[in-house]
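The block underneath contains the structure these notes are about, expressed in structure tokens.
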Amino acid sequence: MCQIPSMIKLFLSLLFLLCFNIFSYGQVQRNYAQELFNLLMNGRCFEAKEFKSQHQNQLPPGIDLIYNMYMSSAFNNPDSTIHYFEEFLGDPQGVHTIGPIVGQYYIGLYDTYASKQQFEKAISTVERHIKYLKENPYSLDAEVIRKEIGEAENNMALFKDKLNNGPLRR
């Protein structure tokens, strides 16, 4: 009869340790890169800057390029934004880590070129985007690819029209 309470104590102790380990494991598995990326995607740049400085050691080295790209765009520095977009899209490993949303980065790049009235470069970027979509490295649905190619071709026609007919600001 005396062993039952000690067995209960042992069982409760093991249960407590198991719960503690599960809780602490969840804390260790915090995805700092995703948290930073979410801040950047939501336009919370000042919070992202603070977060990055606090958790620099927990972030992967490749995140700096994406961080710089978003920050330069948020603070209206198109020359730097273009530089970071080009560097990112020129790195196959970086492109691979971001997954199927890479198309958004092509769109961001050619929109930035267009805002600077660099329509030749915008057209070239649209062509690269279409080539990427046709390769379809993430096996996206054919209808989605067709729709995105159509949108990209519409943008290219718009940029060509602006290049040939639009007055350029100086």
Side-chain angles (χ1 to χ4, degrees), residues 31-170:
N31 190 340
Y32 292 96
Q34 186 64 51
E35 287 183 47
L36 178 61
F37 187 73
N38 291 343
L39 290 171
L40 293 168
M41 290 291 291
N42 291 317
R44 296 165 50 189
C45 296
F46 292 108
E47 292 174 58
K49 185 176 181 179
E50 184 178 322
F51 182 87
K52 185 175 183 284
S53 67
Q54 289 176 353
H55 302 290
Q56 181 67 40
N57 294 335
Q58 290 87 8
L59 294 169
I63 198 82
D64 287 337
L65 187 57
I66 293 171
Y67 172 81
N68 291 336
M69 187 175 14
Y70 277 96
M71 294 301 277
S72 64
S73 177
F75 291 110
N76 197 23
N77 192 343
D79 293 329
S80 294
T81 303
I82 288 170
H83 169 77
Y84 294 126
F85 268 121
E86 288 288 3
E87 191 175 336
F88 176 74
L89 291 171
D91 177 19
Q93 185 173 350
V95 168
H96 180 71
T97 60
I98 203 71
I101 63 167
V102 171
Q104 294 176 0
Y105 292 92
Y106 281 106
I107 293 168
L109 178 58
Y110 61 70
D111 284 346
T112 305
Y113 276 131
S115 73
K116 291 190 52 82
Q117 296 195 5
Q118 296 178 356
F119 297 115
E120 298 93 355
K121 292 180 179 179
I123 292 166
S124 173
T125 304
V126 173
E127 290 169 346
R128 288 173 30 208
H129 184 205
I130 291 172
K131 180 182 176 209
Y132 162 79
L133 290 169
K134 288 180 179 178
E135 290 172 2
N136 195 6
Y138 296 101
S139 303
L140 298 175
D141 182 55
E143 184 62 27
V144 171
I145 295 295
R146 187 189 62 74
K147 182 180 174 186
E148 287 195 32
I149 288 174
E151 289 174 11
E153 288 173 342
N154 288 340
N155 283 322
M156 186 166 22
L158 178 69
F159 296 147
K160 285 180 179 179
D161 183 56
K162 285 184 178 183
L163 179 66
N164 295 327
N165 301 322
L168 300 177
R169 320 174 247 165
R170 296 284 175 205

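The chain is numbered in sequence order, starting from 1.
When each of L65, T112, D111 is checked for a side chain to side chain contact (heavy atoms under 4.5 Å, CB included) with F85, only T112 meets the rule. Checked against L133 for a side chain to side chain contact (heavy atoms under 4.5 Å, CB included), the options E135, H129, K131 give a single hit: H129.
From F119, atom CZ reaches atom CG of N164 across 10.5 Å, with rounding to the nearest 0.5 Å. Expressed to the nearest 0.5 Å, how far CD of E35 lies from CZ of F51 amounts to 4.0 Å. Atom OG in S73 sits 11.0 Å away from atom CG in L109 (nearest 0.5 Å). Summarising the geometry, atom CD belonging to E148 is positioned 12.0 Å from atom CD belonging to E153; distances are rounded to the nearest 0.5 Å. Rounding to the nearest 0.5 Å gives a distance of 10.0 Å between NZ of K52 and CG of L40. Rounding to the nearest 0.5 Å places CE of M156 at 3.5 Å from CD1 of I130.
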request  = For side-chain contact (heavy atoms from CB on, under 4.5 Å), just list the numbers for E120 and F159, CA-CA rounded to whole Å, side-chain angles, deciding distance to a tenth of an Å, and then say yes or no.
outcome  = CA-CA 8 Å; E120 298 93 355; F159 296 147; over 6 Å; no

ask   = Passes side-chain contact (heavy atoms from CB on, under 4.5 Å), N68 versus H83? Steps please.
value = CA-CA 10 Å; N68 291 336; H83 169 77; over 6 Å; no

query = Given the rule in the side-chain contact (heavy atoms from CB on, under 4.5 Å) test, do I82 and Q118 qualify, once you have shown the distances and angles that lead to the verdict?
reply = CA-CA 11 Å; I82 288 170; Q118 296 178 356; 4.2 Å; yes

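Counting only N and O atoms by type, the side chains of N38 and Q34 include a donor and acceptor under 3.5 Å apart.
Here the shortest heavy-atom pairing between Y84 and S72 reads CD1-OG, 3.7 Å. Considering every non-hydrogen atom in both Y110 and A152, the closest pair reads OH-CA, 4.2 Å. Between Y113 and E86, the closest heavy-atom pair is OH-OE2, 2.7 Å. Nearest heavy-atom pair across Q56 and D64 is NE2-OD1, 4.0 Å. Here the closest heavy-atom approach between residue A122 and residue A114 is recorded as CB-N, 4.2 Å. A pairwise comparison of heavy atoms in T125 and Y106 identifies CG2-O, 3.8 Å as the closest pair.
Aromatic ring orientation, F75 versus F46: perpendicular (interplanar angle above 60°, classes split at 30° and 60°).
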